[in-house]
Amino acid sequence: MQLLDGKKTASDIRADIKVQVAELKENGFKVPHLAAVIVGDDGASQTYVASKVKQCAEVGFESTLIKLPDTISEEALLAQVESLNNNESIDGFIVQLPLPEQIDEQKVTEAVAPEKDVDGFHPESVGKMVLGLPTYLPATPYGILNLIDRYNIKTEGMHCVVLGRSNIVGSPMSILMARNTQPGNCTVTVYHSRSKNIRTICNQADILIVALGRPEFVKSEMVKEGAIVIDVGITRVKDSTKKSGYRLLGDVDFGDVAEKCSYITPVPGGVGPMTIASLLLNTLQASKGKRAVVA
Ligand code: GUN
């Protein structure tokens with residue numbers, strides 16, 4: 001079993017980005033600038049956004065964090081998005097999800113200018129991804145592709161089972177793994193809440209990508225010997241022995257599953273850091289006026 005070390009790989013990617021930012025500066029270009037909008041004070045969202053901003057500084061990007069109260073109206077949030085669309089100093093921005101219930105997330109997503117949509121959530125970005133046209137890929141699936149690629153895993157011809165069909169992870173992941181690319185060229189099965197025979201389906205997976213948000217859901221009897229297992233889940237569970245008061249659990253029961261796998265991502269330190277690194281890659285592309293393409 002080999003660990004797919006997202007922490008180390010993301011750090012390598014940030015080092016590459018740092019070199020490119022230094023080159024941009026040397027050649028008289030402005031440094032990339034990412035803005036993040038966060039609404040309300042959900043603990044997990046605050047942590048993610050704080051990491052995004054911190055890592056901008058590490059690679060030499062400018063960043064702007066916009067904190068808004070959870071009582072904000074949809075109109076006021078849309079005005080904020082419009083102002084970021086029109087702010088020439090900002091190359092790309094994200095609006096952290098989820099949003100409070102008085103706000104229509106889809107409306108906000110569609111208000112983001114596609115050329116600044118470094119989350120890849122706008123329908124134009126999603127459409128281009130489906131067609132294989134240059135665009136920003138959503139950060140978590142893009143991070144998983146980058147991780148597979150950096151470990152030089154050739155996925156052609158493999159059976160990839162994706163557990164979950166969310167707009168952010170499961171659906172785009174299934175599309176990307178089926179494309180005629182490396183990583184990609186897989187036969188893909190999407191398992192969701194109405195699917196049957198989970199054990200049989202998972203046992204046929206050469207690559208199992210799990211994005212259900214159900215802690216330790218995947219057990220060893222669901223995994224084929226030698227499979228590659230990618231765990232997207234990050235659930236906070238109470239743990240009074242930790243300083244933070246919680247620990248993080250993936251969707252895969254790591255202790256039970258790991259020794260059956262050829263490769264497996266840990267939680268934390270697997271997909272999470274790769275997601276942020278991939279958002280930085282998208283922002284670098286945005287600053288160059290190009291949308292990312294995955295070869
Ligand atoms: N909430 C959970 N993941 C994400 C993400 O990748 N981007 C945004 N904007 N919100 C999220």
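As the structure lists them, so they are numbered: ligands from 1, and atoms in each ligand from 1.
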**Report entry** Side-chain ion pair, Glu221 and Arg199, N-O less than 4.0 Å
**Finding:**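 Judged by the 4.0 Å cut-off on N to carboxylate O distance, Glu221 and Arg199 do not form a salt bridge.
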**Report entry** N-O pairing of Asp251 and Arg214 below 4.0 Å
**Finding:** no
Query raised in the report: Looking only at side chains, do Lys288 and Gln20 share a donor and an acceptor under 3.5 Å apart?
Result: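 On atom types as modelled, these side chains qualify, holding a pair under 3.5 Å.
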Could you list, one pair per line, each nitrogen or oxygen of ligand 1 together with any protein nitrogen or oxygen closer than 3.5 Å, giving atom names and the distance rounded to 0.1 Å?
from: ligand 1; atom 1: 1 (N); to: Gln96; atom 2: NE2; distance (Å): 3.3
from: ligand 1; atom 1: 1 (N); to: Leu97; atom 2: O; distance (Å): 3.0
from: ligand 1; atom 1: 7 (N); to: Asp119; atom 2: OD1; distance (Å): 3.1
from: ligand 1; atom 1: 7 (N); to: Asp119; atom 2: OD2; distance (Å): 3.3
from: ligand 1; atom 1: 9 (N); to: Val95; atom 2: O; distance (Å): 2.9
from: ligand 1; atom 1: 9 (N); to: Asp119; atom 2: OD2; distance (Å): 2.6
from: ligand 1; atom 1: 10 (N); to: Leu97; atom 2: N; distance (Å): 2.9

Query raised in the report: For the side chain of Lys260 and the backbone of Lys224, is there at least one donor-acceptor N/O pair under 3.5 Å apart?
Result: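 A pair under 3.5 Å: no.
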Query raised in the report: Is a donor on one side and an acceptor on the other found under 3.5 Å between the side chain of Gln182 and the backbone of Glu156?
Result: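 Side chain of Gln182 to backbone of Glu156, a donor-acceptor pair under 3.5 Å: no, none is there.
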Query raised in the report: Would one find more than 12 heavy atoms of other residues, nucleotides or ligands at under 6.0 Å from atom NZ of Lys30?
Result: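 It does: Lys30 NZ has more than 12 such atoms within range.
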